[in-house]
Protein chains: 2
Amino acid sequence: MQSRATRQGRPTYDRDSLLEVAVTVFNERGYDGTGMEELAKRLGLSKSSIYHHVSGKEELLGLAVGRALDALFAGLDEVPDPSATATARLEHVVHRSVEVLAAELPYVTLLLRVRGNSDVEQQALERRREFDHRVAELVTRAAAEGGVRDDFDPHLISRLLFGTVNSLIEWYRPEGGMPVAALADALTAVLFDGLRGRSAS
Amino acid sequence: MQSRATRQGRPTYDRDSLLEVAVTVFNERGYDGTGMEELAKRLGLSKSSIYHHVSGKEELLGLAVGRALDALFAGLDEVPDPSATATARLEHVVHRSVEVLAAELPYVTLLLRVRGNSDVEQQALERRREFDHRVAELVTRAAAEGGVRDDFDPHLISRLLFGTVNSLIEWYRPEGGMPVAALADALTAVLFDGLRGRSAS
DNA sequence: ACGCTAACCGAATGTTCGGTCGGGAGACAA
DNA sequence: TTGTCTCCCGACCGAACATTCGGTTAGCGT
């Protein structure tokens, strides 16, 4: 076995840098709408060279959505204060999810567009459902302890919450000027405090 | 020219009923991921018969997204009380948009997944931008009159608002039990009153 | 200078794609 | 019965698709 820095051969792309470009193109044209020829053109490589790095188009998709899911679950498992209320924990998960989404934007974007056409996509949907399920549990506990209004179904609250978070992929661009922290603060503030400063139903 | 009821020939599908099935399949597999053969199978027709009703795959997409956009703009133009505040009008537009989204769910779903790969898709994106622009204007006026908290950029508020509305396509199914009115009420309540019943930042 | 190997390429593979074509079958008017 | 119209089909086409293969190139260690 040799280290990455001292190996032989001609160094250009490795799996990660290739994946980065591939995911960008997939997000522009859609996974199904992207051909390997278009991908090769954007990489400055020939079509056949791609197969030296990965087994095929589907593996690229698998690597991308896997990375997104790993990051999202890491944010979910990360619990700063075990004695905190479920409500505080929920707010932390939402806030953290915005940061993860921003940090891994292209990968999460691709993940959220998966429709389940292949085995890889089916498995991705499975892991997404697991994520949603654990968030819904957290919302239920937050509602039980009175931290979240109980005039609506916790499952509905959960869906609205992460519907808003996930919708960020449609417009947010980290390089566009708005800092991630500002976005996460605004989103959690609007969702948890309400659009109007005060007022009751 | 003859009327629809007294025409000759063998009646089975017409453009609308064919479109309905096509949009369903497009939403399941994705537009690019759906072949005309798969479409024909689901219609109980041969591939070539589809071309008797429409000029091709792209026209089906155009008809679908056109229908979605027409419905959304109709909801936007519909102003019940011209003397109402911008805030009240905004809340009405959000509420109405949820209803439109539910009523035209498959068509709006397809619209929101368009990426701009063809002329038809580019035009759809253009009309979507026009819609977003007019909503953003409304939010700005609502913020100016003090009906919406002004510690965040109105454009951001606008994106969060319709991000949440649009995210409904990911899970809401009208036949699943929850009435549209209940969903629209819950969404506007959570977004305009806030997740917590009271409390200030 | 030489050998080794990762990285790459051009050309060709079989398959699937959206779309075309000539004709058949049923329904109505005459 | 005959003509005409709508609706539909099987067979087919060129192009684009993902993938494969035999062989070449460029950089590193020796």
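Since the structure is predicted, the reported quantities are computational estimates derived from the model, not experimental observations. Labels below follow one simple rule: chain letters A, B, ... track the order of the sequence lines, proteins then strands, and each chain is numbered from 1. Keep in mind that the numbers below use all heavy atoms, side chains included, and drop hydrogens, waters and symmetry copies.
- B:K57 has its side chain within reach of B:F26: a pair of non-hydrogen atoms, C-beta onward, lies under 4.5 Å apart.
- When only modelled atom types and interatomic distance are considered, B:N27 and B:T24 share no side-chain donor-acceptor pair under 3.5 Å.
- When each of D:dC9, C:dG18, C:dC8 is scored by its nearest atom to the side-chain atoms of B:L45, the top-ranked nucleotide is D:dC9.
- Rounding to whole angstrom units, NZ of residue B:K57 and P of D:dA15 are separated by 19 Å.
- Which of D:dC9, C:dG19, C:dC8 sits closest to the side chain of B:K47 comes down to C:dG19.
- The two residues B:M36 and B:Y51 have their closest heavy-atom pair at CE-OH, 3.3 Å.
- Taking every heavy atom of both residues into account, B:E121 and B:R115 meet most closely at OE1-N, 3.3 Å.
- Applying the side chain to side chain contact (heavy atoms under 4.5 Å, CB included) test between B:L161 and each of B:V94, B:T188, B:N166, B:V135 identifies B:V94 as the sole match.
- With DNA chain C read from its 5' end, the first of the two nearest nucleotides for A:H52 and A:S48 is the one closest to A:H52.
- Put simply, CG on A:D14 is 21 Å from P on C:dT5, counting in whole angstrom units.
- D:dC13 atom P lies 17 Å from atom OH of B:Y51, rounded to whole Å.
- In terms of phosphate contacts, A:S49 brings no side-chain nitrogen or oxygen within less than 4.0 Å of OP1 or OP2 of C:dC8.
- Mapping A:G33 and A:S55 onto DNA chain D by nearest heavy atom places A:G33 at the nucleotide closer to the 5' end.
- Rounded to 10°, the angle separating the first-five-pair axis and the last-five-pair axis of the helix from C:dA1-D:dT30 to C:dA30-D:dT1 equals 10°.
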* To do: Decide yes or no on side-chain contact (heavy atoms from CB on, under 4.5 Å) for A:S118 and A:Y31, but give the supporting numbers first.
  => CA-CA 12 Å; A:S118 62; A:Y31 174 72; 6.0 Å; no
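- Atom pair A:E38:CD and C:dC17:P shows a separation of 20 Å (rounding to whole Å applied).
- A straight line from CD1 of B:I50 to C1' of C:dC17 spans 13 Å, rounded to a whole angstrom.
- If you check D:dT20, C:dG10, D:dC9 against the side chain of B:S46, the one that comes closest is D:dC9.
- Among the protein residues, A:T34 comes within range of the sugar-phosphate backbone only, with heavy atoms under 4.0 Å from sugar or phosphate atoms but none that close to a base.
- Between B:M36 atom CE and D:dC13 atom C1' the separation is 16 Å, expressed in whole Å.
- Computed from coordinates, the B:R29 CZ to C:dC17 C1' distance equals 14 Å when rounded to whole Å.
- Distance, A:L61 CG to D:dA18 C1': 14 Å, rounded to whole Å.
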* Test side-chain contact (heavy atoms from CB on, under 4.5 Å) applied to A:L156 and B:Y172, step by step -> CA-CA 10 Å; A:L156 172 60; B:Y172 181 67; over 6 Å; no
